[in-house]
Amino acid sequence: MSLNTQFTLRTAVVLPFLLIFLTTFTVLTVVQNNNYEKMASDVSRKQLSALSENVELELSAFLFQPMQASLALSHSIELHHLYKPYDVSAIQNTMLSKFRDLYSHVPQLDNIGFGGQNGEYVGLRKETYDEYSLMLQDHLHQRGLVIYQGHEISNNIRSVIKDYDPRFRPWYKPYAGINDSRWSPIYANADERQEVTLSATEPVYYGNTLQGVVVSDVKLSTFNTFLGQQQKDTGAVIFLFDESRRLIAHSTGGSIISWGTTHSLKGQRLLASESSHPVIQSSASYSDSYALSQAHRLFTTYVEGERYFHLVTPYKNAEGLNWFIGVSISEHELLGSMLDHQHESWLIGFIVSSVGIILGLIAFNRTVTPITSTANAAKQLAQGNWDSELPKPGNVYETSMLVHAFNEMADNLKASFYEISNQLLYDSLTKLYSREGLVNTCSKLEQLDGSLILIGINKFRHINDSIGHLCGDQLLVIVAERMKSTFEDDALIARIGGDEFAIYLPNVQSSEEISFAIARIQQMFAAPFCLMQESIVLQVSLGVVKDHQQETMTTWLRNGSIALSNAKQEQASVSYYKPEMADKSRNKTRMLAKIKQAIELQEFVPYYQPIVDIQSGKVIGAEALARWLSPTEGLISPLEFIPLAEESGFISSIGEMVLSKACHDAVLGMQQGKWEQDFHLHVNLSVNQLSQAKLVEQLTKVLTESKLPAHNLTLEITESRLVDNDPVTIQNMQAIRDLGIQIAIDDFGTGYSSLAYLHKLPFDCLKIDRTFVNKLDHDHLDTSIVAAIINMTRGMKVDIVAEGIETHEQAEMLKQLECSQGQGFLYSRPVPFEQWPTNLVNMKS
């Protein structure tokens with residue numbers, strides 16, 4: 001080879017390195033750009049989907065109250081027969097009361113009205129927060145629809161609309177022959193304002209005869225305000241349109257009505273593609289190219305040089321709405337300055353890499369050999385080969401330092417690796433396997449052909465509280481030592497939680513072998529544990545997994561945990577895992593999620609069961625019972641949610657909700673004359689609420705907000721929950737009585753309270769449990785438990801209420817025993833407040 005074709009070492013090193021660098025940089029640029037586009041697409045879809053779902057939820061909540069207003073007024077008209085031909089005064093008064101008390105704070109509700117079958121119309125239009133205009137056509141005062149200045153009939157008239165007939169309005173005619181709630185088409189009001197409106201309609205029937213239609217109007221302008229707030233919160237442009245692709249509302253301001261000069265188009269709603277806002281116009285123009293049935297399709301457009309991401313999703317509800325939600329967000333709003341930062345990072349990376357290349361070439365000859373050997377050694381360490389040969393230092397001082405440092409680091413990494421591995425595999429306190437250690441060890445077995453037993457120490461928290469956490473840890477160590485001495489070496493023992501242990505027994509599959517192992521564990525814990533000259537007896541629950549399909553130890557532990565939870569609720573304290581347990585656990589989790597959501601949506605309401613003076617038959621009070629009214633599932637039995645709510649702690653929130661609603665209902669009932677002024681409202685108080693330190697503060701707040709006198713309220717406390725004699729509970733009971741609220745001991749006779757203990761409790765009423773009322777008979781009436789309770793409490797000056805009265809015979813026997821009060825299905829089942837008074841059965845039995 002001639003000298004002209006030879007290359008210098010620098011050229012031979014630099015040229016290939018530069019080519020590799022440029023190629024790598026180009027590939028990285030392309031890959032990063034593709035990743036950026038994929039990320040932008042994924043993020044935009046998730047963000048727009050989340051925004052659409054949020055808008056849908058907010059829109060449903062936005063429309064819920066107007067529809068509820070129509071439903072409530074329709075129910076009142078039907079229930080009380082308020083509509084009479086050509087006389088709508090009763091409807092007018094009810095409408096004004098509901099508008100003021102229930103819906104004055106609803107900004108989107110503009111008008112509530114009723115159109116009768118004979119052409120009458122009465123409506124209230126909101127002018128300000130507490131001012132309304134009466135709109136009336138009853139053929140008694142003046143011909144035509146009269147719009148008054150105030151909410152009453154007067155000489156101060158805003159305007160009169162001649163020849164007005166509600167039966168031909170868009171909200172009446174299409175929905176007069178159906179029984180369901182419906183939303184009307186979008187139309188213009190007939191009053192002097194001519195506002196574009198959407199109405200929630202509810203027909204009114206007496207039997208099967210249509211009497212009229214209740215209507216609640218929502219101005220479309222309030223939709224714009226609603227969507228504008230959504231845009232302010234999220235930065236996204238939001239618009240609504242219907243099946244004809246005409247705008248309903250949008251978040252960008254401006255009118256949705258065409259005010260052009262063409263007479264045929266003037267006053268019509270704009271097509272979405274005719275919007276004055278370029279983003280909405282761009283999104284609508286693109287979506288016009290495909291059918292609305294292809295909604296949920298993500299697409300992008302460019303508006304004024306900026307890229308926008310768009311998503312159109314359908315919005316339907318049971319009341320007949322069939323709309324579409326368009327959401328658009330700019331790339332800058334979605335990703336910020338990420339793209340600019342990406343370009344900057346490329347430039348910085350290129351500069352830094354170039355500098356690194358130059359510096360690397362300078363030190364190339366002095367560093368290549370030790371660095372290469374060090375890199376090879378690092379690769380071996382990365383592959384987990386901790387016994388590989390370490391690199392040797394060269395003659396260059398800096399590379400020698402590097403090699404020495406690497407060797408020292410490798411030694412430290414080895415030590416740290418072994419230490420961390422040991423910490424992960426073994427419990428630091430008991431030196432047994434940890435959960436991870438048990439899983440890791442079992443993963444190395446050929447198959448899991450044994451049995452797993454999970455051991456949970458019952459009420460270990462109480463033991464910790466009594467002897468201290470340090471002594472508790474020492475106790476766990478002693479337990480671990482006893483386990484290791486009890487089982488053979490092939491058993492895998494692990495501490496998988498604070499007070500939970502697991503024992504995996506290889507090759508133990510038969511029921512006899514498992515029963516023997518369980519007996520050994522129970523015998524092991526039967527003997528007391530000695531700690532600091534004290535003997536401590538531990539009780540345990542066992543969850544057993546056997547005859548299981550070949551799965552990982554992680555799954556075994558999960559199933560064992562389910563069985564252990566079940567064992568803690570059984571008397572035998574031993575439970576074998578069954579697949580249906582997992583289904584039960586999942587169902588319980590789902591129900592807890594539903595209860596939590598129901599609390600947030602305030603779906604728990606009080607139903608009322610009368611309390612009757614047995615001697616006179618007069619209704620003197622009512623017990624408020626918690627009921628769950630689900631919009632999707634209807635009325636859900638208390639047996640399905642009360643036990644779970646008590647177990648999870650949700651019962652406090654449910655109790656507060658029911659107490660507040662019941663107190664407000666009681667005040668309303670006394671104001672309406674439905675209930676007497678000395679009416680006694682009974683509300684159940686859970687043990688969770690009773691043990692709260694802020695209970696009195698909460699009760700004071702409820703009484704203040706509802707304006708219910710304290711002497712009208714009685715709080716019922718289940719007797720069996722008082723056996724712990726908790727000082728906070730007793731203190732709260734006394735504080736409740738100090739407020740003037742009465743206390744009733746519920747389900748008396750089913751707990752463990754002695755008569756002496758009852759004398760220590762502050763209470764005003766005893767409620768005899770229904771089981772004792774059911775056992776009453778004439779032959780042993782004087783020796784019955786009910787008679788004993790009445791006699792022993794006669795000197796306490798407390799009221800006695802017998803629960804569960806279902807027959808006249810029971811009522812007569814209780815009257816003979818001089819029981820003062822009673823409640824039960826004989827008088828009435830629990831009913832909602834709106835259905836009171838009920839058809840009470842033979843109050844004077």
Donor-acceptor pair between Thr718 and Asp746 side chains, under 3.5 angstrom: no
Donor-acceptor contact below 3.5 Å, side chain Gln108 vs main chain Phe62: yes
Check: Ser70 main-chain N/O paired with Ser74 side-chain donor or acceptor under 3.5 Å: no
Residues Glu676, Lys618; criterion salt bridge (Lys or Arg N to Asp or Glu O under 4.0 Å); working and verdict: CA-CA 11 Å; Glu676 301 291 340; Lys618 179 182 178 182; 5.3 Å; no
Ionic contact status for Lys596 with Glu600, cut-off 4.0 Å: yes
Side chain Gln810, main chain Glu806, donor-acceptor under 3.5 Å: yes
Ring pair (Phe, Tyr, Trp, His ring centres under 6.0 Å) pairs, two or more places apart, involving residues 610-648: Phe604-Trp628, Phe604-Phe641, Trp628-Phe641
Pair Ser251, Gln231: side-chain N/O donor-acceptor within cut-off below 3.5 Å: yes
Shortest non-hydrogen contact between Ala626 and Ile654, atoms and distance: CB-CG2, 4.4 Å
Test item: Ser199 side-chain N/O and Thr201 main-chain N/O as donor-acceptor pair under 3.5 Å: no
Side chain Gln609, main chain Ser828, donor-acceptor under 3.5 Å: yes
Note, His680 side chain near Ile611 side chain (heavy atom, < 4.5 Å): no
Close side-chain approach of Leu625 to Pro638, heavy-atom, < 4.5 Å: no
Aromatic plane relationship, Trp323 with Phe223 - under 30° parallel, 30 to 60° tilted, over 60° perpendicular: perpendicular
Asn712 vs Leu681 side-chain heavy atoms within contact, under 4.5 Å: no
Donor-acceptor pair, side chain of Ser97 and main chain of Asn93, under 3.5 angstrom: no
Face-on cation placement of Lys674 at Phe833 ring, 6.0 Å and 45° thresholds: yes
Sidechain-backbone polar pair: Lys459 side chain, Gln539 backbone, donor-acceptor under 3.5 Å: no
Sub-4.5 Å side-chain heavy-atom contact between Leu321 and Leu63: yes
side-chain hydrogen bond (donor to acceptor under 3.5 Å, both in side chains) against Asn774, all qualifying residues, sequence neighbours excluded: none
Side-chain heavy-atom pair Trp183, Asn317 within 4.5 angstrom cut-off: yes
Mutual orientation of the aromatic rings belonging to Phe679 and Trp675 [parallel < 30°, tilted 30-60°, perpendicular > 60°]: parallel
Salt bridge present between Arg737 and Asp764 (N-O < 4.0 angstrom): yes
Set of residues satisfying side-chain hydrogen bond (donor to acceptor under 3.5 Å, both in side chains) with respect to Ser541, sequence neighbours excluded: Asn458
Side-chain donor-acceptor contact under 3.5 Å, Lys767 with Gln823: yes
Side-chain donor-acceptor pair present, Gln689, Asn732, cut-off under 3.5 Å: no
Side chain Lys707, main chain Val667, donor-acceptor under 3.5 Å: no
